[in-house]
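Chain letters run A, B, ... following the sequence lines, proteins first, then strands; residues in each count from 1.
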Amino acid sequence: MARMKFLCDAERCIECNACVTACKNEHEVPWGVNRRRVVTINDGKPGERSISVACMHCSDAPCMAVCPVDCFYQSAEGVVLHNKDLCIGCGYCFYACPFGAPQFPQVGNFGSRGKMDKCTFCAGGPEEANSDTEFKKYGRNRLAEGKLPLCAEMCATKALLAGDGDQVANIYRERVVGRGFGSGAWGWGKAYPGSGS
Amino acid sequence: MNMRTIRFFSLAILLGLLAGCQERESENPFLKEKGVYSGKPDETLNDDTREQLRRRMNIQRGGSI
Amino acid sequence: MLRKKTGEVAFGPRLSSALTDLTGGAIDRRTFLRRSGLAVGGLAAASTMSSGMVRKAEAASVSGAVEIKKSVCTHCSVGCTVLAETSNGVWVGQEPGFDSPFNLGAHCAKGAAVREHAHGERRLKYPTKLVDGKWQKVSWEEAINEIGDKMLDIREKSGPDSVYWLGSAKHNNEQAYLFRKFYAYWGTNNGDHQARICHSTTVAGVANTWGYGAMTNSYNDMHNSRAIFLIGGNPAEAHPVSLLHMLKAKEENNAAFIVCDPRFTRTAAHATEYVRFRSGTDVALIWGILYHIFENSWEDKDFISRRVWGMEYIKEEVAKWTPEEVEKVTGVPGSQLKRVARTMAQNKPGTIVWCMGGTQHTNGNNNTRAYCVLQLALGNMGVSGGGANIFRGHDNVQGATDLGVLMDTLPGYYGLSKGAWAHWSRVWEEDLDWLKGRFGTRKDKDGKDKAMMNEKGIPVSRWIDGVLEAKENIDQPDNVRAMVFWGHAPNSQTRLPDMQKAMAKLDLLVVVDPFPTMSAVMHGRKDGVYLLPATTQFETHGSVTASNRSLQWREKVMDPLFESLPDHVIMQMFAEKFGFADRFFRNIKVEETKIGKLTVKEPSIEDTLREINRGMWTIGYTGQSPERLKMHMANQHTFDRTTLQARGGPADGDYYGLPWPSWGTPEMKHPGTPNLYDNSKPVAEGGLTFRARFGVKAPDEWGGANMLAEGAYSVDSEIKDGYPEFTYGMLRKLGWDGDLTADELAAIKKVAGTDDQEKLDKINWKVDLSGGIQRVAIKHGCAPFGNAKARTVVWTFPDPVPLHREPLYTPRRDLLPKYATFKDRHMHRLPTLYESIQKNDFSKEYPIILTSGRLVEYEGGGDETRSNPWLAELQQDMFVEINPVDANDLGIRNGDTVWVEGPEKGKVKVMAMVTERVGRGVAFMPFHFGGHMQGEDLRANYPAGADPYVLGEATNTAQTYGYDAVTQMQESKTTLCKIAKA
Ligand code: SF4
Ligand code: SF4
Ligand code: SF4
């Protein structure tokens with residue numbers, strides 16, 4: 001199986017934020033932590049486009065490279081995960097990440113998820129799949145249940161695609177051919193260099 | 001408080017601290033190699049689950065939509 | 001845009017560089033920092049969550065048996081399926097409902113967050129009353145008794161019309177129906193719901209054009225469109241999942257996607273053509289498009305000659321709307337409208353979509369009729385991919401409208417005539433005289449007694465005037481003295497400062513709702529307020545009607561939280577208190593059950609639907625039995641996602657959710673009607689003609705021509721031409737009466753109450769309780785309601801041919817008096833002002849047009865959604881959008897706090913969002929905020945722990961007077977304001 005990837009089709013995204021609340025819902029992400037966000041460019045003007053952004057699970061992940069305690073690891077499916085027991089919350093990964101994915105709940109905040117929290121591609125963390133501990137630290141592990149990320153599965157317009165990178169690319173290509181245009185697989189060059197997009 | 005007592009207590013504290021450094025006592029690894037993840041290993045997905053994920057991906061195409 | 005969320009804070013500088021990949025341009029960053037006050041309110045509130053009802057944390061990882069319950073999202077009319085995972089009765093997860101043909105698993109922010117209902121942290125938790133300015137917990141029994149006694153006292157002294165029953169589009173069909181029936185049994189027509197201020201002008205305008213006042217096709221059917229013309233709607237925020245269907249047409253059919261709106265909405269961002277026009281000039285805009293269509297002979301002449309009456313009157317009016325005149329009034333250049341006209345003419349079928357931007361105007365009914373005329377001229381009606389796709393708002397506003405939770409009709413649009421009451425009392429097996437006795441009477445001008453039973457009530461938009469207006473000016477025995485808000489937010493209605501006065505003047509204010517709503521905090525009273533906790537729809541079951549007229553069945557996901565009770569149970573309690581419970585539920589089983597610690601009597605939802613089925617012949621809510629609806633929900637995957645028709649399986653041939661009309665009895669197995677007026681199918685298979693509702697001949701002053709269709713009829717029709725609606729007499733004339741079974745004939749005779757042939761002949765398809773007349777008509781391929789032409793001129797309306805009329809608060813004095821508004825009128829029991837407002841010039845002091853609309857995260861008055869932390873976090877501040885030019889002229893910068901004041905002096909203190917989304921001279925505010933009033937934070941007034949996370953000013957505090965001349969729709973889309981730095 002090829003690695004897991006996200007793709008947000010900016011021609012379709014309507015900034016409805018379903019992906020954001022689906023994530024909150026699935027993992028009980030506390031107020032103030034946003035594993036996924038929707039960003040809008042040219043807001044209110046012709047050419048306005050939105051893209052839903054989270055951790056892209058880069059093939060050569062910058063966060064991994066800079067982490068002083070090496071708390072990151074990549075699963076066999078290419079999902080970039082981190083171990084909250086090792087993480088010291090230093091924030092280097094935040095500066096390294098081109099997508100601003102790592103989230104740092106304010107110190108002393110309630111319901112925090114530990115030092116750093118980020119999108120797990122709905123794959124939990126290094127605890128027993130869907131155990132209580134895993135859920136409390138990392139949220140639900142959908143991949144282990146044979147389900148894909150909820151943000152993509154609930155996307156209002158199927159703009160957000162998540163899954164096997166080849167399949168994602170195929171679906172997107174079919175669409176672009178069908179409609180004759182596309183603004184490109186946004187972020188792919190950065191997250192997955194050499195992926196052909 | 002004389003010098004002896006102070007030394008005794010410092011030693012006791014030091015010993016206590018050292019004891020906490022044993023790997024099995026702490027969540028963190030004791031020795032670490034730069035660039036290598038040394039935390040708990042994660043489980044891998046089995047082939048069935050992978051196949052399930054592949055099939056599920058088609059739903060995002062939008063079915064007949 | 002909507003003030004957002006995206007702080008640089010969270011994403012750091014690098015994202016902006018990543019984003020440049022997309023455009024090569026800079027990002028328009030919204031630097032709205034959260035105001036500490038609000039953030040603190042929200043956060044402090046959020047922090048309490050850990051202690052309360054957050055059950056997922058414990059339960060989510062439970063590997064024990066997880067049960068899936070199928071429900072339907074309660075936030076809009078798309079009707080997205082919600083799959084709820086429950087474990088030991090706790091709602092622990094939500095999965096995408098991939099099988100649903102409506103949403104294919106998709107949701108918007110609201111639907112993806114409905115599981116928060118399981119926490120219900122900010123809900124109203126128990127019955128509460130206001131004593132000496134303090135909230136006090138009371139028992140249900142106490143509350144019902146005290147409220148009931150007070151109401152009975154008011155009834156005694158002032159008559160039943162002094163209690164106003166405001167219902168809700170949040171009720172399921174069964175509850176909505178029981179609510180409508182309830183205020184009939186109480187003895188008043190003073191009842192209404194959100195539809196009045198949402199699509200009432202659509203229902204009136206559209207039904208008077210071709211028969212029914214609903215969306216004609218479906219979201220799914222738009223897959224077939226080659227052009228989509230959207231006006232006054234922003235579905236990307238209001239009906240997000242509809243974009244799934246529209247974008248498919250745009251991408252796969254290369255469909256033109258034309259968006260007309262004063263504001264460059266999120267939907268407009270995806271348009272192929274965006275038309276910015278001045279708010280409130282819809283008729284001028286449409287006539288401006290038709291001008292080019294007629295001039296170039298692009299109209300569908302064949303369609304018009306066979307299926308449309310009165311187009312020549314329209315042509316006469318349209319001829320006046322030259323491109324120059326249109327540009328002068330609307331601001332849109334003629335060349336653009338010519339391009340739009342050509343696009344629409346060359347890309348057929350095309351559909352038109354409109355929402356509140358078109359309906360909420362003093363001439364809203366003119367707008368909706370003009371839209372219909374455009375579609376009729378193009379021949380886009382009654383075809384797949386065409387139609388008038390009117391998106392309804394709330395999840396069940398279509399159902400609640402159909403079930404008559406209105407002040408002018410009984411369920412099924414039967415009206416309030418003697419015949420209508422006779423029909424429904426037959427359905428209810430009620431003694432008509434007893435019912436009559438429940439109602440009051442009033443002396444009319446000649447001193448004669450008039451039965452209030454047949455008089456239209458006060459519309460919700462005007463209830464405040466029912467309280468404040470001098471008694472002698474109101475056509476009912478006394479003022480409104482008690483107000484019941486049963487699932488309705490107050491801040492969705494205009495003139496909030498006046499409402500505040502009205503609330504203070506009432507004897508009794510009752511709120512029945514899962515949330516306290518702004519009603520609980522704005523009244524300024526010390527006593528006489530009761531809050532009763534109702535459940536959400538996830539704590540009960542029943543059917544709900546989506547915008548496309550399909551009915552879906554909701555399963556109960558979890559037991560009622562706290563001390564809340566389902567609405568129908570609360571109605572039962574009141575019915576018992578008022579002493580009519582036995583008659584009321586005579587055909588509905590009422591069972592004793594335990595809900596939480598309470599023992600209550602719950603009326604059967606299924607029996608209620610069966611009673612609905614027995615009475616709603618007019619619009620074919622008769623075939624949708626609970627059994628059929630449940631079967632559809634269980635077999636969602638068998639329905640085609642474009643045609644909505646089941647292919648194989650137990651529902652084979654049916655259309656999903658049996659979109660009404662599903663004619664005849666459930667046993668007749670009519671599949672439902674996917675697209676109204678589509679005569680390319682037999683009626684038995686979902687085909688239809690235009691309804692013969694306006695007589696067979698036009699009135700003489702309108703030419704007296706034939707109103708029946710000519711040479712157009714549905715497939716397999718045995719009458720190959722137009723025909724009037726079916727009666728028993730007509731069956732006899734056609735020699736089809738022999739097809740009636742003995743039972744059917746006996747039922748018809750029972751309705752007539754006689755064997756007298758003449759009386760018997762008059763029994764029609766709407767009142768025949770056996771459904772026999774419908775069955776026989778359909779057997780011969782005919783539509784029970786006849787086969788007529790659609791009419792473009794509604795001779796019973798103030799403007800028979802739709803005319804442009806300037807808003808009451810117009811900024812364009814130069815267009816008066818040519819396009820002046822109506823004369824003042826007296827309607828719906830109240831004086832209604834038009835010209836006496838318009839004649840004053842407010843445009844100097846209030847130079848900016850003020851309009852309002854929706855945000856995707858919130859819904860309606862917003863109490864429910866602002867109480868959901870997953871949504872509330874995304875929109876924390878009320879704001880006003882101002883064009884950069886105006887902002888600079890006024891010295892206002894992005895993020896400043898400003899006062900927005902309307903010409904009636906209501907003002908709101910909000911944050912300025914400087915954006916080109918609005919044009920010069922236009923300001924926009926979302927209408928979901930509440931809890932602040934003219935600068936004052938009312939958070940302390942909520943019952944403890946029931947304040948929404950996010951509060952804000954309600955735009956309707958600044959919004960002004962103005963009501964549609966037919967339906968009393970409020971004018972909330974065009975008024976004036978001035979803006980100043982606070
Ligand atoms: S993949 Fe899962 S964790 Fe990541 S943003 Fe989507 S829902 Fe959240
Ligand atoms: S759910 Fe889909 S359409 Fe909505 S904001 Fe997210 S990516 Fe965009
Ligand atoms: S609000 Fe409407 S579009 Fe959003 S999930 Fe609910 S039903 Fe679907």
Note: vs chain A, highest number of non-hydrogen pairs under 4.5 angstrom among C:T265, C:T267, C:L243 is C:L243
Most contacts with chain A, counted as non-hydrogen pairs under 4.5 angstrom, among C:V78, C:V114, C:L247, C:L871:
C:L247
C:F264/C:Y274 aromatic ring centres below 6.0 Å:
yes
Counting heavy-atom pairs under 4.5 Å to chain C, which of A:E153, A:R179, A:E134, A:M154 comes out on top?
A:M154
Look at the rings of C:H119 and C:W870 and say which category their plane angle falls in: under 30° parallel, 30 to 60° tilted, over 60° perpendicular.
perpendicular
Can we say A:K24 and C:E857 salt-bridge, meaning some charged N sits less than 4.0 Å from an Asp/Glu carboxylate O?
no
Going by distance alone, is a donor N or O of one side chain under 3.5 Å from an acceptor N or O of the other, for A:T40 and A:E15?
yes
Checking C:H117 now: which residues fulfil ring-ring contact (aromatic ring centres under 6.0 Å, His included) with it, not counting sequence neighbours?
C:F538
Name the region of C:A872, side chain, backbone, both or neither, that has any atom closer than 4.5 Å to a heavy atom of chain A.
both
Residue among C:E916, C:K250, C:E251 with most heavy-atom pairs under 4.5 Å to chain A
C:E251
Does any backbone or side-chain atom of A:C8 lie under 4.5 Å from a heavy atom of chain C? Answer side chain, backbone, both or neither.
neither
